[in-house]
Asker: 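Before I ask anything, let me first share the structure, which is written out below as structure tokens.
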Number of protein chains: 2
Amino acid sequence: MAERISDAEHEIMEVLWQTAPLTATEVADRVAEAKGWSLQTVKTLLSRLAAKAVIGTERDGRRFLYSPLVERDTYLAGVSRKFVDRLFGGKVTPLVAHLAEADELSDDDIREIEELLRELKG
Amino acid sequence: MAERISDAEHEIMEVLWQTAPLTATEVADRVAEAKGWSLQTVKTLLSRLAAKAVIGTERDGRRFLYSPLVERDTYLAGVSRKFVDRLFGGKVTPLVAHLAEADELSDDDIREIEELLRELKG
DNA sequence: CACTATTGACTACATCTGTAGTTTCATCGA
DNA sequence: TCGATGAAACTACAGATGTAGTCAATAGTG
């Protein structure tokens with residue numbers, strides 16, 4: 001459980017989270033724009049994801065339709081948690097502090113986040 | 001440039017960021033508590049880090065002293081950026097939104113972050 | 001019906017990672 | 001001086017990852 005998804009595999013997942021089900025060729029077409037991988041590479045990645053039961057397959061004649069079995073939010077939650085645990089001792093505040101200090105936050109970002117937090121409380 | 005640091009290597013870096021320079025044995029002692037790696041494993045990791053020029057070595061008689069060549073903040077900045085780029089389209093707000101929705105943020109966290117943002121503006 | 005294009009299955013292979021074992025060389029104590 | 005010790009260097013090796021190639025079956029097309 002909580003199978004690891006590699007960077008390349010993640011790229012495939014993003015496509016499937018956006019639209020599913022898709023055939024291997026369709027997935028390949030969509031990632032080709034950004035990554036330029038061959039169809040074979042995409043098929044390998046789909047196989048590996050299916051082997052990990054992160055995506056499901058459904059026969060459609062002689063080909064397969066692939067769909068995510070894991071929701072994007074669930075995945076993000078796990079990855080974010082691991083990230084924050086590993087680099088910021090599990091605390092989110094230091095992460096935000098770090099991003100802020102590293103000038104990764106524009107004034108607009110700050111306003112947006114403040115707005116968001118206000119909603120959370122209200 | 002911007003050499004990749006693996007999870008295990010990162011563990012070593014944390015030790016060196018806390019105290020440096022240290023000998024291989026000293027590093028091994030400190031990670032042993034948490035990770036239980038053998039001295040050889042630690043030495044391998046130190047070699048790999050040195051090969052990547054992420055840490056520097058200084059001869060001290062028959063042994064070496066190791067020190068970070070990259071600052072923790074610099075490293076965190078790079079890794080955080082990559083993380084946010086890859087998973088949240090480079091925007092920090094969706095990350096915070098996600099953490100908030102995933103209940104990763106306690107009320108205290110929220111207060112802390114608000115405080116932090118206020119300081120940033122002020 | 002024969003041929004070609006498509007598709008999944010299987011195979012490949014270099015590199016990176018985690019986790020050491022083995023060898024060699026220098027040094028310190030008896 | 002000589003052997004035990006400790007440190008670095010070199011070697012190992014399985015599993016994950018990135019990136020395909022090849023093969024075999026099948027489904028349309030002329």
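Letters A, B, ... mirror the listed sequences (proteins, then strands); counts begin at 1.
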Asker: Salt bridge check: are A/Arg72 and A/Glu14 linked by an N-O gap of less than 4.0 Å?
Answerer: yes

Asker: Using a 4.0 Å heavy-atom cut-off across all strands, classify B/Ser38 as base, sugar-phosphate, or nothing.
Answerer: sugar-phosphate

Asker: Is there a donor-acceptor pair under 3.5 Å between the side chain of A/Trp17 and the backbone N or O of A/Val70?
Answerer: yes

Asker: For the base of C/dT7, is there a side-chain donor-acceptor partner from A/Arg59 under 3.5 Å away?
Answerer: no

Asker: Report yes if a donor N or O on one partner sits less than 3.5 Å from an acceptor N or O on the other, where the partners are the side chain of B/Arg63 and the base of D/dT5; otherwise report no.
Answerer: no

Asker: Tell me the interatomic distance from A/Asp7, atom CG, to C/dT15, atom C1', rounded to whole angstroms.
Answerer: 15 Å

Asker: Does D/dG18 have OP1 or OP2 sitting under 4.0 Å from an N or O in the side chain of A/Ser6?
Answerer: yes

Asker: To the nearest Å, how far apart are B/Gln40 CD and C/dG18 C1'?
Answerer: 14 Å

Asker: Of B/Gly36 and B/Lys52, whose nearest nucleotide on DNA chain C comes first from the 5' end?
Answerer: B/Lys52

Asker: Please list, for nucleotides 24-30 of chain C, all pairs of protein and nucleotide N/O atoms separated by less than 3.5 Å.
Answerer:
none

Asker: For B/Arg48 and B/Thr23, find the nucleotide of DNA chain D closest to each by heavy atoms; which residue's nucleotide sits nearer the 5' end?
Answerer: B/Thr23

Asker: Which whole-number value in Å describes the distance from B/Leu45 CG to C/dT19 P?
Answerer: 9 Å

Asker: Between the base of D/dG15 and the side chain of A/Arg4, is there a donor-acceptor distance below 3.5 Å?
Answerer: no

Asker: What's the separation between atom NE2 in B/His10 and atom CZ in A/Arg86, rounded to the nearest 0.5 Å?
Answerer: 5.0 Å

Asker: From CG of B/Leu39 over to C1' of D/dG6, roughly how many Å is that when rounded to an integer?
Answerer: 9 Å

Asker: Between A/Asp107 and A/Arg111, does any side-chain N to carboxylate O distance fall below 4.0 Å?
Answerer: no

Asker: A/Asp85 vs A/Lys82, test: salt bridge (charged side-chain N to carboxylate O under 4.0 Å, His left out). Steps then yes/no.
Answerer: CA-CA 5 Å; A/Asp85 280 354; A/Lys82 224 166 279 171; over 6 Å; no

Asker: Rounded to the nearest Å, what distance is computed from the CG atom of residue A/Leu46 to the C1' atom of nucleotide C/dT7?
Answerer: 12 Å

Asker: Roughly how many Å is it from CH2 in B/Trp37 to C1' in C/dT17, rounded to a whole number?
Answerer: 11 Å

Asker: Is a side-chain donor or acceptor of A/Asp29 paired with a backbone partner of A/Glu26 at a separation under 3.5 angstrom?
Answerer: no

Asker: Counting just side-chain N and O atoms, does B/Thr44 come under 4.0 Å of either OP1 or OP2 of C/dG18?
Answerer: no

Asker: What do the steps show when you test B/Leu95 against B/Phe83 for side-chain contact (heavy atoms from CB on, under 4.5 Å), and what is the final call?
Answerer: CA-CA 10 Å; B/Leu95 164 62; B/Phe83 176 77; 4.0 Å; yes

Asker: Expressed as a whole number of angstroms, how long is the span from B/Glu11:CD to C/dT19:P?
Answerer: 10 Å

Asker: Could you tell me the separation between the CD1 atom of B/Ile12 and the P atom of C/dA20, rounded to a whole number of Å?
Answerer: 12 Å

